[in-house]
Amino acid sequence: MRTTIQKQYSKLGIDVNSNKVLKDYLNRTEFKNEDIKKQFELFHMDFILGLREIEKVDNSSFNRYIKTINDTKGESNFWGEKFEVYFHSKLIQGIPQIITNLKRGKDGLEPDLLFDFNNSNLGIELTTLKYIIPPKSEEQVLSKITECIRKKNSNKYANPKCALIIDITNIVAYEKIFNFSLNKIFKEQFNGFSYLSKEINFGMIILCNSVFKKKSDDTLYHMLAPRIGIMNEKQIIDKDLNQFLNISFDNFKTNNNFDLQFHHLNM
């Protein structure tokens, strides 16, 4: 499997040997533990297939992704590109005709992804939160999330028809390692976000994390699980954006039809 994955990256134009993340994660496909091995194999195949989907319909965006991924050399900004590829490709693979005119926005001037839905032009801005030094408390995490929201909220394209989706996979993994509570942040300390509500220009802010789940039939599944949604103080969301997000996240239902869940610092 490792050789096959490496060949597929090469065909896409990605230099695995100069990308420390991909090189390291290729090594992890040789773990003896089958559950862990399958997760890293799925990580690679999901990424490869996502890039292929983008290449089929948007060669300009595909070339941009390949160049940026190679330029990151596996540094922390690699994960932001990985998240964009994941979401971009999922929109392409979605139910036909749900969205049209999907394209990447102009860097710095428009959200990451733009598309038409129900005769409305909607946008999705994507970002990834990562720690270089691991967080040790709920307060540190609250501060980082708040800082991220305020920074993104200052962009000219932060508007009621655009959603900000924040990948907190890294934070969720540290929650498991250091035993602090995201639920405490999102429930007991939620008033920490309340002062932001007057400033929020996005139609919705969604914090979510990547998780691998295993069913009783041994099927492994990779999904993006929403953890919390934040809105402006009026709590009124654009109806088209609301409908799109409900479709994208299966009406935000919790799916408990899994025996095991696996969390990673990244992925």
Side-chain angles (χ1 to χ4, degrees), residues 50 53-54 57-69 71-72 76-94 98-130 143-169 193-209 224 226-249 252:
E53 287 294 325
I54 296 169
V57 300
D58 188 347
N59 201 57
S60 176
S61 291
F62 169 77
N63 288 332
R64 178 202 170 280
Y65 283 126
I66 297 301
K67 181 181 185 304
T68 310
I69 289 163
D71 287 348
T72 68
S76 60
N77 54 335
F78 166 83
W79 295 106
E81 293 300 313
K82 170 69 171 61
F83 187 44
E84 289 186 28
V85 167
Y86 175 87
F87 213 91
H88 194 163
S89 64
K90 295 306 178 190
L91 290 184
I92 291 171
Q93 296 169 45
I98 286 292
I99 66 171
T100 56
N101 300 321
L102 173 63
K103 65 176 183 178
R104 277 199 56 86
K106 297 176 183 175
D107 290 340
L109 300 176
E110 295 175 323
D112 292 315
L113 298 170
L114 289 164
F115 52 91
D116 293 332
F117 175 81
N118 282 355
N119 298 315
S120 287
N121 185 243
L122 302 180
I124 298 289
E125 175 69 6
L126 301 162
T127 192
T128 300
L129 284 187
K130 285 182 63 61
S143 176
K144 190 171 185 70
I145 293 172
T146 302
E147 180 185 354
C148 172
I149 291 173
R150 297 194 72 170
K151 182 178 179 180
K152 288 291 182 180
N153 195 61
S154 66
N155 289 315
K156 60 187 295 184
Y157 51 78
N159 64 66
K161 287 189 174 291
C162 182
L164 170 62
I165 300 180
I166 304 174
D167 175 14
I168 59 169
T169 299
F193 293 114
S194 62
Y195 79 93
L196 279 175
S197 63
K198 292 182 180 180
E199 303 178 17
I200 290 175
N201 297 319
F202 289 102
M204 172 69 82
I205 298 172
I206 299 174
L207 279 63
C208 54
N209 67 285
L224 199 61
R227 295 296 296 266
I228 189 173
I230 305 170
M231 298 170 62
N232 62 36
E233 64 177 346
K234 294 181 180 178
Q235 297 291 295
I236 299 173
I237 184 171
D238 177 84
K239 63 180 180 62
D240 293 323
L241 180 63
N242 186 47
Q243 186 179 354
F244 166 76
L245 291 173
N246 279 324
I247 292 171
S248 300
F249 289 97
F252 298 94

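Along the sequence shown, residues carry numbers from 1.
A 4.5 Å side-chain heavy-atom check between D112 and R104 finds at least one atom pair inside the cut-off. For the pair N121/D116, a side-chain contact is recorded, criterion being any heavy-atom separation below 4.5 Å from C-beta on. I99 has its side chain out of reach of L122: every pair of non-hydrogen atoms, C-beta onward, lies at least 4.5 Å apart. Between L164 and I230, every side-chain heavy-atom pair lies at or beyond the 4.5 Å cut-off.
Listed here is the closest heavy atom pair of F117 and I98: CD1-O, 3.0 Å. Across every non-hydrogen atom of G123 and P111, the tightest pair is CA-CG, 4.0 Å. Scanning both residues, G203 and L241, for their nearest heavy atoms gives CA-CD2, 3.8 Å.
In the displayed structure, N59 atom CG is contacted under 6.0 Å by more than 12 heavy atoms of other residues, nucleotides or ligands. By the neighbour-count criterion of 12 heavy atoms within 6.0 Å, atom CD of E233 is densely surrounded, having more than that number from other residues, nucleotides or ligands.
Contacts of K67 classified as salt bridge (Lys or Arg N to Asp or Glu O under 4.0 Å), with partners at least two apart in sequence or in another chain: D71. E53 pairs by the salt bridge (Lys or Arg N to Asp or Glu O under 4.0 Å) definition with K56, not counting sequence neighbours. K239 pairs by the salt bridge (Lys or Arg N to Asp or Glu O under 4.0 Å) definition with nothing, not counting sequence neighbours.
Of the charged side-chain nitrogens involved, at least one lies within less than 4.0 Å of a carboxylate oxygen, so that R64 and D107 count as a salt-bridged pair.
N232 places a side-chain N or O within 3.5 Å of a backbone atom of Q235 that can act as its donor or acceptor partner. The main-chain N or O of K152 is found under 3.5 Å from a side-chain atom of N155 such that the two form a donor-acceptor pair. Panel note: side chain K144, backbone K130; a donor-acceptor pair is recorded below 3.5 Å.
Taking the six-membered ring where tryptophan is involved, the planes of F115 and F244 are tilted, since the angle between them lies from 30° to 60°. Aromatic ring orientation, F249 versus F87: tilted (interplanar angle from 30° to 60°).
N118 and S120 share no donor-acceptor pair across their side chains, judged by distance under 3.5 Å alone.
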